[in-house]
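The next block holds one structure in the form of structure tokens; read it before the comments.
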Number of protein chains: 2
Amino acid sequence: MGKNYAYVPGAEFPFQYKYEHMGVTTDCVIFTYEDRKLKVLLVRRGAEPYKGEWAFPGGFLRMDETAEQGALRELREETALWPSSIGQLGVFSDIDRDPRERVITIAWYALVKPSEVVGGDDADEAAWFPVDDIPPLAFDHGQILKAALEKLRRDIHFQPVGFDLLDDEFTIPDLQRLYEAILGVEFDRRNFQRKILASGILEEAEPVIENDFLSQIHFSKSRPTTSAFFAMEEPVPEGMPRKGRQGRPGNLFRLNRKRYEEMKEDGGKLEF
Amino acid sequence: MGKNYAYVPGAEFPFQYKYEHMGVTTDCVIFTYEDRKLKVLLVRRGAEPYKGEWAFPGGFLRMDETAEQGALRELREETALWPSSIGQLGVFSDIDRDPRERVITIAWYALVKPSEVVGGDDADEAAWFPVDDIPPLAFDHGQILKAALEKLRRDIHFQPVGFDLLDDEFTIPDLQRLYEAILGVEFDRRNFQRKILASGILEEAEPVIENDFLSQIHFSKSRPTTSAFFAMEEPVPEGMPRKGRQGRPGNLFRLNRKRYEEMKEDGGKLEF
DNA sequence: GCAAAAGTGTTTCGTTTACACCCATGC
DNA sequence: GCATGGGTGTAAACGAAACACTTTTGC
């Protein structure tokens, strides 16, 4: 019994098999959190089928790459994104999900920070949509989005994935709004703060300074007024409107990388 | 631009494609709980590659079935099992995981009750192995088993999957031992009982009878001695040794189907 | 000065944990 | 009778939920 396939260079259909084969694609649902909204990236299809409709970035898996590598490659090619986190969603294998031929897709979901979002990548070829305002999608991508949202909501309960959606420095109320946007619930401001601080996953972005005269000076030098401070940092701080808003500005925190890795490992103890 | 493939009946390799295609298989990790141990079903491979070695039941996915249908079909063909529960584990797509050609596999995991386990299915072609005593496995099935165990442990924390591994009627200590075997921890007997009863997911297998004289007679009639009772029920009750063991026999419970379905839906509130 | 946003502390309540005692069975 | 396994109750401890007050900022 010989091989089950043959390669015939130059033939119209050079890849020939004893048994029928199906196509394998990857699709990637990319989330970000911007403007106080959870958003997904969609690309407009430039070719049939579903030409002109919105879909997730993806494409056929090559022979020399794993599914994860394929998903990341397509992502780079179509959106220039390099996500900080990527997870497998599952396989979607409905028989007629692609009109061309039998195709199954391996779906992934990825989280990116607003600062990673490159401004004008192919202009109107790719765009972010709030998850509660999604246009009709090609293929079975509506079903895939639904699964991605469910998985994100499941994951964020017990894994510190929220931080992958925020910039490196953020306030606790920012983080809380992210959780509330994803889970669709409301938390008590004070309980949320205490819980997240007790978990040890955060560290203060500005080191704590003893309340003496010298530090007062140092403080007022490095942070003249909060609005001016932010104006220096980022012209228009993506994601959360820091200008033109009332109220006391929140203290900045960043991830405690060590605790973060620990909690990614053993499920940690950060339940919301 | 025409089609991307052609069918040439009678040719040695009748399925011909413009682009290279990979094989797609399904594999199924089947768990049961028997003899106070968590076990998986393995089949001995009858053909190359890895002929004679142990592997999970599975095979190539057909064009006219979804991945789930394919996994269930292979299961029926190779093990005559019809699991009460099946869930997707994920895709394994290492490039060299199959020596024949590029093959990705869609892995599933399924739970069966000991009573569903047919005794001599193909004798030494299929066998149950305790998860802590597994022979070397074909392909990357060791990796798949690892993922399956992790998923089972994750799932059982928040989903009532444990009951799919037990027979219809069981005692609470039985259930506790199952949880302990899967999670590798120990629970306080009394707290476990209270928690599981408070969840409402169990109902008593024998209806509660008011403590009056009549019921005393009825009780002693329907349940002469506990060991005799079990002897009538099942000649050799699979899984848990009910004969030749000391101690008071536990009360029998069964699933409250309604609560069970509810908890499968919205995650419920059964955390261990 | 006022409204809005954010930081901090306290009291209350329910759940979980730890532990003690009693009953039923096999040997 | 004793060891083993199983059923039931209770007090202590911990964490979650509810709630009040103060500070900082924009207008």
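Letters go in sequence order (proteins before strands), and every chain restarts at 1.
Candidate nucleotides D:dG7, C:dT8, D:dG26 were compared by shortest atom distance to the side chain of A:Gln193, and C:dT8 ranks first. The side chain of B:Gln246 lies closest to C:dG26 when the candidates are C:dG26, D:dC27, C:dT17. In the set D:dG7, C:dT25, C:dG7, the nucleotide with an atom closest to the side chain of A:Pro173 is C:dG7.
When the C1' atom of D:dG7 is taken as reference, atom CG of B:Asp188 falls 13 Å away, rounded to whole Å. Spacing between atom CZ of B:Arg189 and atom C1' of D:dG7 amounts to 8 Å, rounded to whole angstrom units. As a whole-Å value, the separation of A:Arg248 CZ from D:dT25 P is 8 Å. One interatomic measurement links the two molecules: CZ of B:Arg194 to C1' of C:dA20, which rounds to 13 Å at whole-angstrom precision. Across the protein-nucleic acid pair, A:Glu204 atom CD and C:dG7 atom P stand 10 Å apart, rounded to whole Å. The CG-P distance, from A:Leu202 to C:dA6, rounds to 15 Å in whole Å. B:Phe192 has its CZ atom 18 Å from the P atom of C:dT15, to the nearest Å. Note: CG (A:Asp174) to C1' (C:dA6) measures 11 Å, nearest angstrom.
Within the structure, every side-chain polar atom (N or O) of B:Arg177 is placed at least 4.0 Å from both OP1 and OP2 of D:dG5.
Residues B:Phe56 and B:Leu145 are in side-chain contact: their nearest non-hydrogen atoms beyond the backbone lie under 4.5 Å apart.
Judged by distance alone with a 3.5 Å cut-off, a donor-acceptor contact links the side chain of B:Asn191 to the base of C:dA18. Within 3.5 Å, no donor on the side chain of B:Arg190 pairs with an acceptor on the base of D:dG9, nor the reverse.
The two residues A:Phe163 and A:Lys113 make their nearest non-hydrogen contact at O-NZ, 3.1 Å.
The residues B:Arg254 and B:Glu169 are annotated as salt-bridged, a charged nitrogen and a carboxylate oxygen being separated by less than 4.0 angstrom. A salt bridge links A:Arg259 to A:Glu262: at least one charged side-chain nitrogen sits closer than 4.0 Å to a carboxylate oxygen.
The cationic atom of A:Arg189 (NZ for Lys, CZ for Arg) does not lie both less than 6.0 Å from the six-membered ring centre of A:Phe192 and within 45° of the ring axis.
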